[in-house]
Amino acid sequence: MAQQFALETLDDLGEDDLKRFKHKLKRMQLEKGYQAIPWGRLEKGDPVDVTDLLISHYGERYGVEVAVQVLREIKHRALAERLTEAISAGNLQNEHFVNQHRAQLIQRVMAVDGILDSLYGPVLDLEQIQSIRAERSSVEKMRKLYELVPKWDNDCKDRLYQALKEKHRPLVEELEGI
């Protein structure tokens with residue numbers, strides 16, 4: 001839902017304003033745990049591509065926050081407010097745990113291989129698992145795993161949530177506020 005609102009908003013930008021949006025986005029100061037979208041992918045993107053990049057790199061909630069901030073900085077306050085209102089009406093509070101806590105999970109999950117084992121078959125194929133395991137650090141492995149999450153349905157996200165709960169119960173409980 002948030003992705004659709006963001007796309008509609010970016011679609012309303014003209015070509016020059018979309019270019020300004022991408023340049024401002026490139027220079028954005030991001031929250032800890034998030035990395036800038038690679039310029040090579042962002043530069044040539046149309047509104048669909050830019051929206052997909054925002055959501056895949058930052059998750060729905062933070063991706064929309066970033067879009068709103070960029071819109072304000074390029075002086076499109078009316079579009080920023082419209083996006084904020086649309087998201088509020090759509091209640092992003094129902095966002096899946098996996099999306100909601102993306103940055104924290106990337107930074108704090110250490111035993112990634114155990115999670116991958118739980119996802120093998122129903123969620124990830126062997127090639128995807130090997131690609132993730134090829135990364136050097138746990139943070140890089142989690143980032144690589146999160147590159148796949150935007151393509152997942154809630155069943156796949158639920159499986160990741162269950163694997164996280166099984167392998168990292170204290171962290172999951174902390175993030176859930178239990």
Side-chain angles (χ1 to χ4, degrees), residues 1-8 10 22 25-26 28 30-67 70 87 90 92-176 178:
M1 180 172 286
Q3 190 164 1
Q4 184 61 37
F5 292 134
L7 173 58
E8 290 171 7
L10 294 185
K22 291 185 285 189
L25 178 58
K26 176 179 80 169
M28 280 293 297
L30 301 168
E31 288 181 4
K32 186 178 180 191
Y34 292 97
Q35 291 186 332
I37 298 169
W39 179 243
R41 295 180 67 195
L42 186 60
E43 181 180 25
K44 293 178 177 45
D46 63 11
V48 173
D49 297 328
V50 174
T51 302
D52 287 345
L53 288 166
L54 278 165
I55 302 303
S56 67
H57 276 73
Y58 308 134
E60 282 194 352
R61 182 181 307 270
Y62 188 56
V64 168
E65 287 176 23
V66 168
V70 171
I87 294 306
L92 250 185
Q93 292 84 340
N94 295 330
E95 186 175 16
H96 198 284
F97 175 89
V98 167
N99 293 338
Q100 218 174 8
H101 300 288
R102 176 188 187 278
Q104 288 293 324
L105 292 169
I106 287 173
Q107 291 299 316
R108 297 175 63 190
V109 169
M110 293 297 133
V112 180
D113 288 337
I115 292 168
L116 295 176
D117 291 341
S118 299
L119 299 176
Y120 178 63
V123 178
L124 299 174
D125 62 33
L126 185 58
E127 185 179 322
Q128 291 169 319
I129 287 181
Q130 289 172 338
S131 169
I132 294 166
R133 284 192 171 140
E135 299 296 327
R136 293 193 326 224
S137 71
S138 294
V139 170
E140 290 167 342
K141 287 177 183 182
M142 285 301 291
R143 269 201 192 102
K144 186 83 165 178
L145 176 61
Y146 261 94
E147 287 176 11
L148 303 172
V149 171
K151 298 174 186 91
W152 293 359
D153 60 17
N154 277 338
D155 183 51
C156 292
K157 291 176 186 177
D158 288 344
R159 288 177 188 266
L160 174 56
Y161 170 74
Q162 289 305 321
L164 288 164
K165 204 167 179 179
E166 211 174 276
K167 308 287 183 197
H168 296 279
R169 182 170 298 279
L171 173 60
V172 170
E173 289 178 351
E174 176 190 330
L175 294 173
E176 289 180 325
I178 295 175

request  = Write down the atom of Leu124, the atom of Leu116, and the distance for their closest heavy-atom approach.
outcome  = CD1-CD2, 3.8 Å
inquiry  = Measuring from atom NZ of Lys144 to atom CD1 of Ile129, what distance do you get when rounded to the nearest 0.5 angstrom?
reply    = 13.5 Å
inquiry  = I'd like to know if the side chain of Tyr58 reaches the main chain of Gln35, judged simply by a donor and an acceptor atom lying under 3.5 Å from each other, with no hydrogens or angles considered.
reply    = yes
task = Report yes or no: does Gln104 contribute a side-chain atom to a donor-acceptor pair with the main-chain N or O of His101 at less than 3.5 Å?
result = no
message = So does Val98 get a backbone contact from the side chain of Tyr146, meaning a donor-acceptor N/O pair under 3.5 Å?
response = yes
task = Could you pull out the closest heavy-atom pair between Gln107 and Met110, with the gap in Å?
result = O-CE, 3.5 Å
task = Applying side-chain contact (heavy atoms from CB on, under 4.5 Å) between Arg108 and each of His168, Met142, Glu174, report the one that passes.
result = Glu174
task = For residues Glu43 and Lys22, report the shortest heavy-atom separation together with the two atoms involved.
result = O-NZ, 2.8 Å
note = Between the NE2 atom in His57 and the CD atom in Glu147, the distance rounded to the nearest 0.5 Å is 6.5 Å
request  = Output, in order, the C-alpha distance, side-chain angles, deciding distance and verdict of side-chain contact (heavy atoms from CB on, under 4.5 Å) for Glu65 and Glu31.
outcome  = CA-CA 11 Å; Glu65 287 176 23; Glu31 288 181 4; 4.1 Å; yes
From Lys26 atom NZ to Ile37 atom CD1, the distance as rounded to the nearest 0.5 Å = 12.5 Å
ask   = Do Leu164 and Leu171 touch side chain to side chain, with heavy atoms closer than 4.5 Å?
value = no
task = Without swapping roles, check the side chain of Ser131 against the backbone of Glu127 for a donor-acceptor pair under 3.5 Å.
result = no
task = Could you grab the distance from atom CG of Leu145 to atom CH2 of Trp152, nearest 0.5 Å is fine?
result = 4.5 Å
query = Any side-chain heavy atom of His96 within less than 4.5 Å of one from Asp158?
reply = yes
ask   = Where is the tightest heavy-atom contact between Ala36 and Leu30, given as atom of each residue plus distance?
value = N-CD1, 3.5 Å
inquiry  = Quick check for you: to the nearest 0.5 Å, what is the distance between Leu42 atom CG and Leu25 atom CG?
reply    = 5.0 Å
Donor-acceptor pair, side chain of Arg133 and main chain of Asp113, under 3.5 angstrom = yes
message = Minimum heavy-atom separation for Lys167 and Gly114, please, with both atom names.
response = CE-O, 3.5 Å
ask   = Given the rule in the salt bridge (charged side-chain N to carboxylate O under 4.0 Å, His left out) test, do Lys44 and Asp49 qualify, once you have shown the distances and angles that lead to the verdict?
value = CA-CA 9 Å; Lys44 293 178 177 45; Asp49 297 328; over 6 Å; no
inquiry  = For a quick test of reading the model, state the closest non-hydrogen atom pair linking Ser138 to Val109 and the distance between them.
reply    = CB-O, 3.5 Å
inquiry  = Could you check whether any side-chain N or O of Tyr62 sits under 3.5 Å from a backbone N or O of Tyr34, counting only pairs where one atom can act as donor and the other as acceptor?
reply    = no
task = Would you indicate whether the side-chain heavy atoms of Phe97 and Leu105 approach each other to under 4.5 Å?
result = yes
